[in-house]
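Input: a single structure, listed below in structure tokens.
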Amino acid sequence: MRILKFGGTSMSDAKTWQQVIDIIKRYESPFVVVSATARTTRELIKAARTALVDVEEAHRIASDIKRRHKEIITVFFDEHQSEESVLDNCNKWIDQRTEELETQLEAISSEQEITEQKKDAIASIGEQLSSYLFAQCASATGIATQWIDAADIIRTDSDFGQANPDENYIANQAPSLKKLIIKGNIPVMGGYYGMDKNGQTTTLGFEGSDYSASLIGAALDAEAIEIWTDVSGIYTCDPRFVPDAQPIPQLSFQEATELAYFGAKVLHPATTKPASKKQIPIWVKNIFDPDEPGTCISSESTKNGPVKAITYKQNCTIVTVTSSQTVMGYEFLAGVFDILRWHHLAVDVVTTTEASVSIGIENGDNLDNAIEQLNSYGSVEILNNQGIISLVGCSNENSLVTDILSKVKNVPQNLISYSKFKGNLNIVVDEDQVLPVVKDIHQKLFS
Ligand code: ADP
Ligand code: MG
């Protein structure tokens with residue numbers, strides 16, 4: 001049994017829904033996980049933020065989301081015969097979810113506050129819409145789908161916005177899911193969201209549907225997890241910006257995790273965790289070119305070339321904290337990292353001296369608050385508008401100097417970290433230099 005996950009790009013309109021259905025039909029008893037339709041999650045969050053300042057505009061965003069979903073099902077059912085009651089059900093579902101959204105937007109406007117909890121309840125509406133509607137559409141083409149509410153399966157803690165799944169609880173749902181599948185049903189579940197033990201909706205973080213698919217794969221002991229998207233696998237660099245990037249046939253779980261962590265947004269960084277524990281391979285494949293082999297991520301690691309892939313993040317900051325000398329070195333570092341932990345900030349690059357630490361970090365809502373607190377640990381210097389270039393799977397140290405650093409020699413390198421053990425090199429440069437440098441290094445290494 002395979003888990004098939006389809007992302008937002010695959011869920012964008014009635015035409016791609018049909019393409020997804022054609023792919024599902026190639027499989028015997030799969031389990032399907034879908035994301036929200038393209039742009040919907042972003043629009044939902046925008047509506048929530050807008051409700052604070054202009055509730056009318058927030059309602060306009062909500063009604064646009066409603067209109068787009070009604071359009072998808074209308075076009076789909078124009079081309080596929082089905083009983084009128086099915087279309088009615090779908091319309092009713094869209095109306096109900098939009099009403100819920102509008103109630104939440106009103107609450108934000110009157111309370112003048114968006115809690116993480118409210119944000120999750122709103123953000124999950126995208127998958128609640130897409131998964132139910134898609135299950136109805138697929139069923140109208142003759143496949144026996146069964147909609148599954150992720151709230152019933154993906155139990156998490158209450159860390160809203162970035163909830164941690166309870167893998168034991170999820171595993172306990174496996175027998176009933178398996179029973180469904182044995183009876184010939186194809187479960188269709190929305191990714192990204194779940195529920196905590198108090199019945200509150202949670203989300204697994206941005207792009208969390210990949211993670212949902214992997215959690216289900218591990219719980220059901222799937223033969224493979226297939227992440228279907230709009231490119232033919234994981235490439236040597238983002239193919240949208242580096243046109244000569246090539247798909248990588250094979251990556252280890254660790255390499256894929258690092259690529260995702262350092263900005264390759266084709267995969268949620270936690271996706272590999274449940275799969276690698278059970279040694280279940282993950283495939284990344286293209287809905288527009290389903291016969292292309294794609295990338296296989298497994299415990300196998302192959303060596304070809306000095307570097308596996310290059311990735312990058314923009315919108316980063318270097319924060320340098322210098323000790324006020326009232327604390328010992330180890331206490332100083334522990335204190336600094338404790339503040340970052342408290343604000344849920346993940347460090348990308350770090351270097352230290354005896355009395356200072358420089359950290360390369362992605363900008364986020366919490367960074368300003370963290371910086372304010374860091375001021376109590378010493379003097380803080382900030383370098384804005386930074387970008388982090390990461391090379392993953394470096395297996396030849398000689399080429400680091402000749403092929404890679406030589407390509408950056410005319411650009412200020414503001415922070416560098418390298419680990420031979422993890423085969424990972426990170427270079428922080430000014431943001432506007434990121435793309436030219438990435439293209440240069442990519443050409444040197446891969447062309
Ligand atoms: P989905 O909607 O299917 O989840 P995403 O937009 O999340 O799709 O991920 C696919 C996109 O990831 C691609 O269109 C590509 O531009 C981008 N991407 C970034 N880095 C890479 C990479 N190294 N390999 C492949 N795609 C990448
Ligand atoms: Mg994605």
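Each ligand, and each atom within it, is numbered from 1 in the order the structure gives.
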Notebook entry, point to check: With backbone taken as N, CA, C and O and side chain as the heavy atoms from C-beta onward, which portion of Lys308 lies under 4.0 Å from ligand 1: side chain, backbone, both, or neither?
Noted result: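 Contact part for Lys308 vs ligand 1: neither.
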Under 4.0 Å, heavy-atom basis, I'd like to know which part of Asp238 is in contact with ligand 1: side chain, backbone, both or neither.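 It is both backbone and side chain that touch ligand 1.
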Ligand-residue contact atoms, ligand 1 with [X], heavy atoms, under 4.0 Å:
{"X": "Val231", "result": "13 (C), 14 (O), 25 (C), 26 (N)"}
{"X": "Thr229", "result": "1 (P), 3 (O), 8 (O), 9 (O), 10 (C)"}
{"X": "Ala264", "result": "20 (N), 23 (N)"}

Quick one: does [X] get an N or O within less than 3.5 Å of an N or O on ligand 1?
{"X": "Glu207", "answer": "yes"}
{"X": "Tyr235", "answer": "yes"}
{"X": "Gly8", "answer": "yes"}
{"X": "Asp230", "answer": "yes"}

If the test is side chain to side chain donor-acceptor pair (under 3.5 Å), which one of Thr295, Asn286, Asp289 qualifies with Ser232?
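Among Thr295, Asn286, Asp289, the one meeting side chain to side chain donor-acceptor pair (under 3.5 Å) with Ser232 is Asn286.
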Check whether any side-chain heavy atom of Ile181 sits under 4.5 Å from a side-chain heavy atom of Pro187, and report yes or no.
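Yes, side chains in contact.
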* Asked: Does Asp95 reach the side chain of Lys66, with side-chain heavy atoms less than 4.5 Å apart?
  ->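 The answer is yes, as the side chains (C-beta and beyond) meet within the 4.5 Å cut-off.
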>> Taking backbone and side chain together, does Asp210 place any N/O/S atom at a distance below 2.8 Å from the Mg ion (ligand 2)?
In response: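 Short answer: no, not a single N, O or S atom is under the cut-off.
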Heavy atom of Pro239, distance to ligand 1 below 4.0 Å
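For ligand 1, residue contact (heavy atoms, under 4.0 Å) with Pro239 is present.
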Q) Do you know which N/O/S atom name in Glu207 is closest to the Mg ion (ligand 2)? A)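 Of all N, O or S atoms in Glu207, the Mg ion (ligand 2) lies closest to OE1.
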